[in-house]
Amino acid sequence: MQKIIIQNFGPIQSVELDVNDILVFIGPQASGKSTISKAIYFFRSLRDDLIQSMVELVEKRHFDQAIQEYISQILLKLRAVWGPTSYSKDFYLRYTYRDNTDITIMIQDDDIKPILSKQFIQGFDDIVRKAQIFSERRANRNLKFPSSSELSALEAEQRTFLNVIGTAASELFNEPRDLIFIPAGRSLLTVLSDQLRAIRFEKLDYLTRAFLERVNSIKPLFAKNFAELIFDEQNLGKFKADPSTLALAEKLINQILKAEYQFDTTKGESLILESGQLVKLNYASSGQQESVWILLLIFLLIMENREVFVIFEEPEAHLYPEAQKVLTELIGLLVNLQQNQLIITTHSPYILSAFNNLIYAHIIGQKKSEEVKRLVDQRLWLDPCRISVYMVAHGIATNNIDPETKLIQAEAIDSASVQINE
């Protein structure tokens, strides 16, 4: 179990919570939901920064200032994620990855300082030693004019080194999963993704940029439809998901998107509607634009049976309530595959009610398995022990799960209906 503490940071006054497998944050706009989810993303993403730091150290063959350089990278990442934020003098961020292994960020002597725990530093130093051994071994080869076989050996050694460093970093951060942040405002991003050459890409915020880079890297895969993608000879044997799981994912996606996505290197992105009509993606409905890359990313993750930690900002945007319910089921399928982790920020009571249905299916399914399976596919059931839901308001986060029923108190998010009824 990992833990995060946030104090006097942005709209958050004081929050301390365990990072459960499924975290759902609800609450008014500007209450701090995104602040918490971005903070968790920030600390979890420092693993990949450490790996990159080791690669750079090997290239420079300079290890004396390894920890100072990594601390500088942490500060750069902090500014990249939150931009030119003015920090309170008593702000405090702390993330615990495992017992006694944590990173704290606070202001000391008028400077923002990351503080690494003793246990973390020990793990970091061990990774640096591995990098140094590899660097020295490579330097001792002194191959000025390597043969093709020697080059192959060097490449194999490089891959081994990256695997060793990656494994050690994952152990240090207690994080083996791929990290994905899916920001809000995706309908605009869908339009932008086709026009990146015409805009100043560097002006986009860090998380938006990272999402667009991921989307653009996988677009060519969808020059084929789902069936062709799955049964492509190059992909046979590569993917681990069973056909029935892929069929369920495709069925859910079709219910939401009501169209088939198609990418063409010359014509760009299009949707083939159920009527057979072809529509350019930037002329499609806002709901389709908003959801298309959530759906396609989830399909690829399920197809590859990949271990992931995904953060969804407002997955319900521009979707009809029934589509929100189906999207929640698709997310349930993803999270159950590899005991994956996810964070959701939402304003939708329909998302919460859909989660409740999947939680209730798990609870009742323990006693009446066959009856419940006929109503809700077992691959969608959600174990209530894996999910935490918090109402974020007035600078704090309050548990929003009924301790007796284990269900989310969805009415807390729909106070507007109470006011209107009154």
Side-chain angles (χ1 to χ4, degrees), residues 20-26 182 226 230 240-258 274 287 291 294-310 312 314-317 319-389 400-414:
N20 207 348
D21 276 0
I22 306 169
L23 278 174
V24 180
F25 296 113
I26 61 177
I182 302 178
F226 284 157
I230 295 167
K240 302 175 184 177
D242 67 271
S244 65
T245 300
L246 288 173
L248 176 58
E250 184 178 355
K251 173 186 172 184
L252 296 173
I253 288 170
N254 289 337
Q255 288 177 21
I256 301 164
L257 196 58
K258 298 188 180 301
E274 292 176 334
S291 63
I294 285 185
L295 302 176
L296 297 180
L297 275 170
I298 290 177
F299 184 80
L300 287 178
L301 294 173
I302 290 173
M303 188 167 71
E304 295 184 5
N305 209 13
R306 192 185 301 183
E307 291 183 87
V308 287
F309 178 46
V310 187
F312 295 98
E314 300 173 21
E316 73 276 6
L319 290 179
Y320 190 67
E322 288 181 7
Q324 294 183 38
K325 176 252 186 192
V326 179
L327 177 58
T328 305
E329 293 175 346
L330 183 65
I331 289 171
L333 179 63
L334 173 66
V335 82
N336 282 332
L337 271 184
Q338 288 279 359
Q339 294 293 291
N340 290 324
Q341 283 189 289
L342 69 89
I343 293 176
I344 288 177
T345 65
T346 182
H347 298 117
S348 172
Y350 304 113
I351 292 283
L352 301 187
S353 297
F355 269 122
N356 269 346
N357 202 46
L358 303 183
I359 294 169
Y360 199 55
H362 182 279
I363 294 170
I364 302 302
Q366 305 310 301
K367 297 178 180 178
K368 299 182 178 181
S369 175
E370 294 306 315
E371 292 93 325
V372 175
K373 282 180 188 177
R374 287 196 288 270
L375 297 173
V376 181
D377 192 298
Q378 188 170 6
R379 289 166 291 187
L380 310 179
W381 300 0
L382 291 178
D383 185 343
C385 296
R386 298 183 65 203
I387 186 168
S388 299
V389 180
N400 201 56
I401 290 185
D402 187 301
E404 293 185 8
T405 64
K406 308 297 183 185
L407 298 176
I408 304 166
Q409 300 177 85
E411 65 276 7
I413 202 174
D414 201 20

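All residue numbers in this chain count up from 1 along the given sequence.
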| said: My understanding is that only residues two or more places apart in sequence, or in another chain, count here; which of them pass salt bridge (charged side-chain N to carboxylate O under 4.0 Å, His left out) with Asp383? | reply: none

| query | Does a side-chain heavy-atom distance below 4.5 Å link Thr245 with Leu337? | reply | yes

| request: Measure the shortest side-chain to side-chain distance between Leu382 and Ile22 over non-hydrogen atoms and say whether it is less than 4.5 angstrom. | output: yes

| remark: Rounded to the nearest 0.5 angstrom, the CG-CD1 distance for Leu295 and Ile256 is 5.0 Å

| task | Only counting residues at least two apart or in another chain, list the ones meeting side-chain contact (heavy atoms from CB on, under 4.5 Å) with Asp377. | result | Leu248, Arg379, Leu380

For residues 349-358, dump all side-chain donor-acceptor pairs below 3.5 Å to protein atoms at least two apart in sequence or in another chain.
residue	atom	partner	partner atom	Å
Ser353	OG	Pro349	O	3.0
Asn356	OD1	Ile408	N	2.6
Asn356	ND2	Ile408	O	2.8

| request: Find the distance between CZ (Phe312) and OG1 (Thr345) and round it off to the nearest 0.5 Å. | output: 11.0 Å

| said: What verdict does the side-chain contact (heavy atoms from CB on, under 4.5 Å) test give for Phe309 and Ile343, after you've listed the backbone C-alpha separation in whole Å, the side-chain angles of each residue and the deciding distance to 0.1 Å? | reply: CA-CA 8 Å; Phe309 178 46; Ile343 293 176; 3.7 Å; yes

Can you give each donor-acceptor pair under 3.5 Å made by side-chain atoms of residues 320-328, sequence neighbours left out, with the distance rounded to 0.1 Å?
residue	atom	partner	partner atom	Å
Gln324	OE1	Ser348	OG	2.4
Gln324	NE2	Leu319	O	2.9
Lys325	NZ	Glu329	OE2	2.9
Thr328	OG1	Gln324	O	2.8

For residues 362-373, dump all side-chain donor-acceptor pairs below 3.5 Å to protein atoms at least two apart in sequence or in another chain.
residue	atom	partner	partner atom	Å
Gln366	NE2	His362	O	2.8
Glu370	OE2	Lys373	NZ	3.4
Lys373	NZ	Gln378	OE1	3.3

| Approximate separation, where rounding is to 0.5 Å, of Asn340 CG and Arg386 CZ | 7.5 Å

| note | Residues Glu316 and Thr346: closest non-hydrogen pair is OE1-OG1, 3.0 Å

| remark: Scanning both residues in full, the closest heavy-atom pair of Asn20 with Ser388 reads ND2-OG, 3.1 Å

| Point-to-point distance, once rounded to the nearest 0.5 Å, from CD of Gln338 to CZ of Arg306 | 11.5 Å

| request: Output yes when a side-chain donor or acceptor of Asn400 lies under 3.5 Å from a complementary backbone atom of Gln409, and no otherwise. | output: yes

| For the atom pair CD1 (Ile253) and OG (Ser291), what is the distance rounded to the nearest 0.5 Å? | 9.5 Å

| query | Is Ile359 close to Ile401 at the side-chain level, that is, under 4.5 Å between some pair of heavy atoms? | reply | no

| task | Could you tell me the separation between the CG atom of Asn336 and the CD1 atom of Ile331, rounded to the nearest 0.5 Å? | result | 12.0 Å

| message | I'd like to check the side-chain contact (heavy atoms from CB on, under 4.5 Å) partners of Ala249; sequence neighbours left out, ordered by chain and number. | response | Phe299, Ile302, Leu330, Leu333

